[in-house]
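Written out below as structure tokens is the structure these notes cover.
Keep in mind it's a predicted model, so treat the numbers as computed, not measured. These values consider heavy atoms only, across backbone and side chains, with no hydrogens, waters or symmetry-generated copies.
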Amino acid sequence: MAAATPRTYQCALYGELPHTSLGKLLERMVGLCGDTLHQGSSRFCEHDICFIPTVETPFGPSRNDDMVLRLRSRALDPSTGAFIDFPSRQWTLSHLSPPEPPKPGSKLATHRAVYQVPIQGDVFQYMSMLGYRFNFEYVSRGYQFTHGRVTITIFRVYRVRTNSTSWVVQVTSPIVAQDQVVRTSDELFEFANHVAG
């Protein structure tokens, strides 16, 4: 009998930043992370395509059991800033569970179970074979830094009809086992304290 795959989690902190504060935050990130590669240009760009089951559960409580799957890939080469054409991208298929917000009074970051696997070939045909259809897509574009095991992404979200005017600041952990969620949350809050000054 095969062993069950253990659940893996990602912890995250989120914030919203007005455009007028972007320069100051980027300076702070360069100081904390020592990364000067961005040189004022946004080289982080991810493309997310979300899919829902072709045959959805009728409206009601059971509909929450329908899994949303997403394909994610980098759209820009992080080292050169060059566009990566669609067929050349490395795609990851993932399912993110609903986020589990921290309980009042606890020092725990928002965390969610994450299941992801790289896929190759015709990604749309693969999703169709799984019984899924296109729902929506968006592009996140901005800056990305690393501080220890923590990844800091400062980005704007672009959809077909609505574009954001402020920046989202996302601090995420690597994917970790459930028993590491508390320690990983502590790392995220430690970094947040550095940013706060």
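Of all the heavy atoms in Ala12 and Ala109, the pair that sits closest is O-CB, 3.6 Å. In this structure, Cys33 and Phe145 approach most closely via the heavy-atom pair SG-CB, 3.8 Å.
Legend: residues meeting side-chain contact (heavy atoms from CB on, under 4.5 Å) with Val114, ordered by chain and number and at least two apart, are Gln10, Leu96, Arg112, Gln116, Ile175. Every residue meeting the salt bridge (charged side-chain N to carboxylate O under 4.0 Å, His left out) condition with Arg133, not counting sequence neighbours, appears here in chain and number order: Glu56. Legend: residues meeting side chain to side chain donor-acceptor pair (under 3.5 Å) with Gln170, ordered by chain and number and at least two apart, are absent. Remark: Arg70 engages Asp48 in a salt bridge (charged side-chain N to carboxylate O under 4.0 Å, His left out) (not counting sequence neighbours). Remark: Thr151 engages no residue in a side chain to side chain donor-acceptor pair (under 3.5 Å) (not counting sequence neighbours). Not counting sequence neighbours, the partners of Gln125 by the side-chain contact (heavy atoms from CB on, under 4.5 Å) test are Asp122, Met129. Phe191 meets the ring pair (Phe, Tyr, Trp, His ring centres under 6.0 Å) test with His147; sequence neighbours excluded. Residues satisfying the side chain to side chain donor-acceptor pair (under 3.5 Å) criterion with Glu16, sequence neighbours excluded, are Ser166.
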Exercise for the section: Show your reasoning for whether side chain to side chain contact (heavy atoms under 4.5 Å, CB included) applies to Arg74 and Phe44. Expected result: CA-CA 8 Å; Arg74 288 197 177 266; Phe44 169 79; 3.6 Å; yes

Q. Taking it one step at a time, do Cys11 and Val181 satisfy side chain to side chain contact (heavy atoms under 4.5 Å, CB included)?
A. CA-CA 7 Å; Cys11 301; Val181 167; 3.9 Å; yes

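Sequence neighbours left out, the pairs with a member in residues 171-184 that pass side chain to side chain donor-acceptor pair (under 3.5 Å) are Arg149-Thr184, Arg183-Glu187.
In this structure, Tyr158 and Tyr138 have side chains that are not in contact, with every pair of non-hydrogen atoms separated by 4.5 Å or more. You'll find the side chain of Phe83 stays beyond 4.5 Å of the side chain of Asp77, heavy atoms only. Proximity of Tyr143 to Met29: side-chain heavy atoms (C-beta onward) are nowhere separated by under 4.5 Å. A 4.5 Å side-chain heavy-atom check between Ile154 and Leu25 finds at least one atom pair inside the cut-off. Using a 4.5 Å heavy-atom threshold, the side chains of Thr153 and Ser140 count as separate. Side-chain atoms of Leu76 and Arg141, non-hydrogen and from C-beta on, do get closer than 4.5 Å to each other. Within the 4.5 Å cutoff, the side chain of His19 has heavy atoms near those of the Leu22 side chain. Counting heavy atoms from C-beta outward, Val150 and Leu188 have side chains that approach closer than 4.5 Å.
In the hydrophobic clustering of this structure, Val30 groups with Leu26; members are Ile, Leu, Val, Met, Phe, Trp, Tyr whose side-chain heavy atoms approach within less than 4.5 Å, directly or through other members. Connection of Val169 to Tyr14 is not established within any shared hydrophobic cluster, with ILVMFWY side chains joined at heavy-atom distances below 4.5 Å, either directly or through further cluster members. Tracing side-chain contacts under 4.5 Å through hydrophobic residues (I, L, V, M, F, W, Y), one never reaches Leu130 starting from Ile52; they form parts of separate clusters.
Expressed to the nearest 0.5 Å, how far CE of Met127 lies from SG of Cys50 amounts to 9.5 Å. Note that NE2 of His111 is 6.5 Å distant from OH of Tyr9, once rounded to the nearest 0.5 Å.
Leu71 pairs in a side chain to side chain contact (heavy atoms under 4.5 Å, CB included) with only one of the listed residues (Phe51, Tyr132, Phe134), which is Phe51.
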Cut-off 3.5 Å, no hydrogens considered: what does the side-chain donor-acceptor table look like for residues 84-95, sequence neighbours left out?
from  : atom 1 : to    : atom 2 : distance (Å)
Asp85 : OD1    : Ser88 : OG     : 2.6
Arg89 : NE     : Ile84 : O      : 3.1
Arg89 : NH1    : His47 : ND1    : 2.8
Arg89 : NH2    : Ile84 : O      : 3.4
His95 : ND1    : Val68 : O      : 3.2

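Remark: Phe189 CZ is packed, more than 12 non-hydrogen atoms of other residues, nucleotides or ligands lying under 6.0 Å away.
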